[in-house]
Amino acid sequence: MNRTSKHDLRFIKNENLIEKTFREMIEETEYSKISIKELTERAQINRKTFYLHYPSLDHLLTALQFKLMEPTLRMISETVFPDDAEEIIRHSFQFMAALDPVDKKILSIKGNIPDAKTPSDLIREHFFAKYESFPEYNRFESNLIITYFSVCLGVVYRQWEMDWQQIPIEEMIPLATRLILHGLDGTGLTDRNFPETKSSAGHEVRS
């Protein structure tokens, strides 16, 4: 029996141990301070065992990021944009809000693999794979639309989190949806009638 098979119970047990140990260490210190030597000593395995699973710490990091992102990537493949934009926004908020601090830290780290993709890259790549171009737009315009949507979603979520999630998530999701899909018009701000005032030159201006 091939003891290095990915279906081998010992292989699976060691891989889970490596990931568990890495999560414990990333909770305690910065990624740049973690070494394979320290990880293997803490997990009580030898370096050869580690290299059977991952060529480097960066590959371990990327594998964990992809594993965390898998539900979101699967959701993208099962939805239609822009028809399901609200569902995509809802899933994204609920997914990110449910992550524990260690998961969030793992997703925020940029490794040093030249061709490795960040979590944001993975999302954009999956969008672009489905929507290389929309029927009404060329490829360049379609890229701008997807970029606008994904960037706005990320920025709005991060601001909500930086504000300590003071708005309940069930209220935040429809607000975020209006903002992302309709801009300022979605807030009603542009519908306000601002009183007219006189400038120092005597011209009427809006305050």
Shared hydrophobic cluster for M96 and F66 (ILVMFWY, side-chain gaps under 4.5 Å): yes
Are F134 and F127 connected, step by step, through hydrophobic side chains (Ile, Leu, Val, Met, Phe, Trp, Tyr) whose heavy atoms are closer than 4.5 Å? yes
About how many Å separate [atom2] of [Y] and [atom1] of [X], when rounded to the nearest 0.5 Å?
X	Y	atom1	atom2	result
Q44	T49	CD	OG1	12.5 Å
E38	K33	CD	NZ	11.0 Å
K37	F50	NZ	CZ	14.5 Å
S150	I145	OG	CD1	12.0 Å
I76	R74	CD1	CZ	11.5 Å

Distance-minimising heavy-atom pair for [X] and [Y]:
X	Y	result
K110	L61	C-CD2, 4.5 Å
S133	S142	CA-OG, 3.1 Å
L99	K104	O-CE, 3.5 Å

Under 3.5 Å side-chain donor-acceptor pair for [X] and [Y]:
X	Y	result
Y137	N143	no
S77	H126	no
H59	T62	no

T21 versus I45: any side-chain heavy-atom pair under 4.5 Å? no
Do E19 and Y54 have side-chain heavy atoms sitting under 4.5 Å apart? yes
Checking D58 side chain against G111 main chain: does a donor-acceptor pair fall under 3.5 Å? no
Report the residues that fulfil ring-ring contact (aromatic ring centres under 6.0 Å, His included) with H53, sequence neighbours left out, ordered by chain and then residue number. F11
Table please: side-chain donor-acceptor pairs of residues 167-181 below 3.5 Å, with sequence neighbours left out.
from : atom 1 : to   : atom 2 : distance (Å)
E170 : OE1    : R90  : NH1    : 3.1
T177 : OG1    : I173 : O      : 2.8
R178 : NE     : G186 : O      : 3.2

